[in-house]
Amino acid sequence: MKRVSKRKRKKRIFTAAAVLILLAVSLVFTSFMGIIELPFEITAWKDVFELVNIETITDVPNSDFSVTFLDVGQGDCSVIKSGGQTMLIDGGEPENADKILNFLKENSITKLDYVVATHPHSDHIGALPEVIDNIKVENVIIPEISEENVPTSKIYEDFLLAVQKSEANVIAAEPGNKYSLGDANFKILAPVEDDDELNNMSVVLKMTFGNNSFLFTGDAEKKVENALLELDTDLSADVIKIGHHGSSTSTSDKYLKAVSPEIAVISVGEDNRYGHPDYETVERLAKYGVKTYMTKDDGDIVITSDGNKLSVTCQKEEQ
């Protein structure tokens, strides 16, 4: 990939900073309104994407790889480590910020090379503002949402302002784009089209390390699954983070066949009010012989890879 010169990069960052300062000023005028108005026009947000978009991170050779699915109750949070670099996918509700920051500290992680906010629902981005405020973040990947569907929630506003303050590079999730994380590589698969259902704007990505692959799905529902199948996307993966907390809206039979995973992880809260995971989803996974782990039962779930072999350790097994 073509790398951007320091001079051009500084110019882009300076221009982006100017745009973001204007966003902050807009917030001052809207903070006293009864209904939250987001502090930007969608066209300005597109400009930010264009100004600070990057292509890749340099590979670091000869490393092991791990994914920790943190138990954040009824929400999602995954930490991926590879070659001295780290990615955080989602963060659960706001009260999970301390757990995430403590985990990073305990694992001597002082920088996040990527933060992926799959979609702007509180159970996925709630803790991210505080996390981003307290650790260096290099890049943030988010879906670009159309103007009419931009959420007006306070948590989404807080998230955007935290990203602004962090001065991280902002990357629009575009299907087909490829990046690296240490020895691992990942490809953005979705969102494939605009949708007024924010679950279906989820960033779906496939991470590959050696001969092992991992599919992260956010809350993408069957509509997205079908679209990916129609596009003949390579969905095969050894490990899948099941969509939408195991809800009946995701993990169709045809989709699961295409992924053909060895291991599935469902991030879900104990006795949650939604009844997740759906009984039929769990039964479908069993029918295909997929070893399934759930954060509500297993606590934090750690999957490691040497590029060929996978190993799973569950927090509650250790207690």
### Message
Under the criterion side-chain contact (heavy atoms from CB on, under 4.5 Å), I'd like the reasoning laid out for Y293 against F69: C-alpha separation, chi angles, the key distance, then a yes or no.
### Response
CA-CA 10 Å; Y293 298 87; F69 299 90; over 6 Å; no

Kindly say whether [Y] contributes a backbone atom to a donor-acceptor pair with the side chain of [X] at under 3.5 angstrom?
| X | Y | answer |
| --- | --- | --- |
| S305 | G307 | yes |
| S260 | S236 | no |
| D278 | G246 | no |
| S82 | D183 | yes |
| E138 | D113 | no |
| S247 | S250 | no |

### side-chain hydrogen bond (donor to acceptor under 3.5 Å, both in side chains) partners of residues 86-101, not counting sequence neighbours, each pair once
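Counting only pairs at least two positions apart or across chains, the side-chain hydrogen bond (donor to acceptor under 3.5 Å, both in side chains) contacts touching residues 86-101 are D90-T118, D90-H124, E93-S122, K99-D300.
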
### Task
Quick one: do I80 and F209 satisfy side-chain contact (heavy atoms from CB on, under 4.5 Å)? Show the steps, please.
CA-CA 11 Å; I80 306 169; F209 177 72; over 6 Å; no

### Query
Out of I155, L160, V163, which residue meets the side chain to side chain contact (heavy atoms under 4.5 Å, CB included) rule with P129?
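Among I155, L160, V163, the one that satisfies the side chain to side chain contact (heavy atoms under 4.5 Å, CB included) with P129 is I155.
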
### Query
Picking from E221, E225, E197, K222, what satisfies side chain to side chain contact (heavy atoms under 4.5 Å, CB included) with T249?
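By the side chain to side chain contact (heavy atoms under 4.5 Å, CB included) criterion, T249 pairs with just one of E221, E225, E197, K222: E221.
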
### Task
Determine whether I242 and I263 fall in the same hydrophobic cluster, where Ile, Leu, Val, Met, Phe, Trp and Tyr are linked whenever their side-chain heavy atoms lie under 4.5 Å apart.
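Cluster IDs for I242 and I263 differ.
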
### Query
What are the two closest heavy atoms between M201 and E193, and how far apart are they?
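That closest heavy-atom pairing would be SD-O, 3.5 Å.
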
### Task
Kindly give the heavy-atom pair with the smallest separation between P143 and P191, and that separation in Å.
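Minimum heavy-atom contact is CB-CG, 4.1 Å.
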
### Task
Would you check, one step at a time, whether the test side-chain contact (heavy atoms from CB on, under 4.5 Å) holds for V312 with D298?
CA-CA 11 Å; V312 183; D298 300 305; over 6 Å; no

### Query
Salt bridge or not for K206 and D234, using N-O below 4.0 Å?
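Answer for the salt bridge query: yes.
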
### Query
With a 6.0 Å cut-off on ring centres, are F216 and F186 close enough?
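Aromatic pair excluded; centres sit 6.0 Å or further apart.
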
### Task
Please report the C-alpha distance between N185 and K187 in whole Å, then the side-chain angles of each, then the deciding distance to 0.1 Å, and finally whether the side-chain contact (heavy atoms from CB on, under 4.5 Å) criterion is met.
CA-CA 7 Å; N185 297 289; K187 181 179 181 179; over 6 Å; no

### Within-4.5 Å side-chain heavy-atom neighbours: V239 and N212
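No, their side chains stay 4.5 Å or more apart.
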
### Message
I'd like to know if the side chain of H245 pairs up with that of D123 as donor and acceptor (distance under 3.5 Å, no hydrogens or angles considered).
### Response
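Side-chain D/A pair, H245 to D123: present.
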
### Query
Considering residues at least two apart in sequence or located in another chain, which fulfil the salt bridge (charged side-chain N to carboxylate O under 4.0 Å, His left out) criterion with K136?
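Per chain and number, K136 pairs via salt bridge (charged side-chain N to carboxylate O under 4.0 Å, His left out) with no residue.
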
